[in-house]
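For reference, the structure is listed below as structure tokens.
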Amino acid sequence: VKVLKFFTELRLIMNSVIGSLISMLWSFVMLAMIFLIFGLVFVQGCSSYLSENGDWLLTQQPDNHEMLLESFGSVQVAMMSLFKVATGVDWSDYFDLLVLIGNMYGVAFISFIGFYQIAVINILTGIFVDSALKLAVPDRDARALSLKQDDEEAREELFKLLKEIDTMNTGVINVEDFAENLKKKNGKLQAQMTLLGLPVDGATNFFRVVSVLCGDESMSNEEEANIQAFVECCMRLKGTAANLHLQCVAGDLVHINVMLQQQLELCEMLAEKLASDQTAA
């Protein structure tokens, strides 16, 4: 079981990774567009600055001249520089270069850093997480198997708790022992009943109703119930009532009401006939 569980989790991880490839592709396209827009701005600023002050910069600050060309000499180079900044490279050197060509470009570079770190990263992370969560949902068969396993575990646990009440090992529990154990605060039986969505108040009435629904002919009254049959009946009653169940009950009530009306009319007819017979006599 552990091996199967391991491979199930591995399959879910693989499905999440493969299903996120399309999101990753469009994320690369969006990042390329952002790098392209900001790269064009910085390349334009660098080109204008070098056309006006290139000779002076080459003479006075040859290192900065070389770094400008290496970092923002073309659109492709500028995009690669922004990609390095986005992936964790120290951006202080790039900032100093852009401030050199104009404070406006320094502000634009800081805006790029803030926009990327605050908006773009969070949006992309949200998209990938959302895609992964959708793809990580187990398929129908896996959910059905999981629900079946949960029901079996709940059935075994309830049977075990009721078996503990049967100290004589007769396979039968009575209403007094059941109500006494259910009234215990923080008891295991009370917790299990609550987990199954079964009422913990009115233990006596609940026991009697369930014992009748069990339909065990070996039980002569409603004060006792077979443990196995009691557990099976409790498992059928667990949870809240569905609309179908309520509609079935409503239909049964209508049917009973019609039968009662018919019986009432029959009784009235018989009473009238009996009265007429007595008058004739």
Side-chain angles (χ1 to χ4, degrees), residues 1-13 15-16 129-130 132-253 256:
V1 176
K2 293 183 178 180
V3 174
L4 292 176
K5 184 178 180 181
F6 169 77
F7 282 109
T8 300
E9 294 178 353
L10 179 61
R11 180 173 58 85
L12 291 177
I13 294 174
N15 288 338
S16 300
V129 170
D130 184 66
L133 289 176
K134 290 180 180 179
L135 294 169
V137 175
D139 54 22
R140 182 178 59 185
D141 295 337
R143 291 198 301 270
L145 179 60
S146 178
L147 290 175
K148 184 178 180 180
Q149 290 175 347
D150 292 341
D151 286 344
E152 290 297 329
E153 292 177 359
R155 180 181 286 103
E156 292 176 1
E157 181 65 19
L158 182 58
F159 181 83
K160 176 183 176 181
L161 294 174
L162 294 177
K163 196 69 176 176
E164 293 177 357
I165 300 176
D166 181 22
T167 55
M168 303 298 293
N169 198 24
T170 60
V172 176
I173 56 174
N174 57 58
V175 63
E176 291 82 6
D177 293 337
F178 177 79
E180 181 181 354
N181 280 270
L182 195 59
K183 289 179 181 179
K184 293 180 180 180
K185 293 184 178 180
N186 301 323
K188 292 183 179 181
L189 181 59
Q190 185 181 100
Q192 185 66 16
M193 297 280 287
T194 303
L195 183 63
L196 294 175
L198 298 173
V200 294
D201 298 328
T204 301
N205 293 331
F206 174 78
F207 183 92
R208 289 171 178 169
V209 170
V210 174
S211 63
V212 171
L213 294 176
C214 290
D216 191 352
E217 298 179 355
S218 63
M219 299 293 103
S220 59
N221 54 55
E222 300 176 0
E223 305 297 321
E224 295 181 343
N226 180 272
I227 295 178
Q228 186 64 44
F230 190 88
V231 170
E232 294 299 329
C233 189
C234 287
M235 294 304 298
R236 293 198 301 268
L237 295 175
K238 72 182 184 69
T240 57
N243 290 331
L244 177 61
H245 301 151
L246 297 178
Q247 293 299 324
C248 291
V249 172
D252 292 339
L253 291 177
I256 293 173

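As the structure is a prediction and not an experimental result, all values here were calculated from the model. What you see below is based on every heavy atom in this structure, not just the backbone, and it leaves out hydrogens, waters and symmetry mates.
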Mind checking the CD1-CD spacing from I165 to E176? Nearest 0.5 Å is all I need.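 Going from CD1 on I165 over to CD on E176, the span is 12.0 Å.
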Separation between CG of D166 and CG of L161, rounded to the nearest 0.5 Å: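 It is 13.0 Å, given to the nearest 0.5 Å.
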How are the rings of F178 and F230 set to each other: parallel, tilted or perpendicular (split at 30° and 60°)?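 Taking F230 first and then F178, their aromatic rings stand perpendicular (interplane angle over 60°).
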Would you mind listing every salt bridge (Lys or Arg N to Asp or Glu O under 4.0 Å) that reaches into residues 154-163, with sequence neighbours excluded?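 Listed by first then second residue: E152-R155, R155-E232.
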Quick one: are L189 and L162 in side-chain contact, heavy atoms under 4.5 Å?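 Yes. Closest side-chain heavy atoms under 4.5 Å.
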Shortest non-hydrogen contact between F159 and V231, atoms and distance: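 Shortest heavy-atom separation between F159 and V231 comes out as CA-CG2, 3.8 Å.
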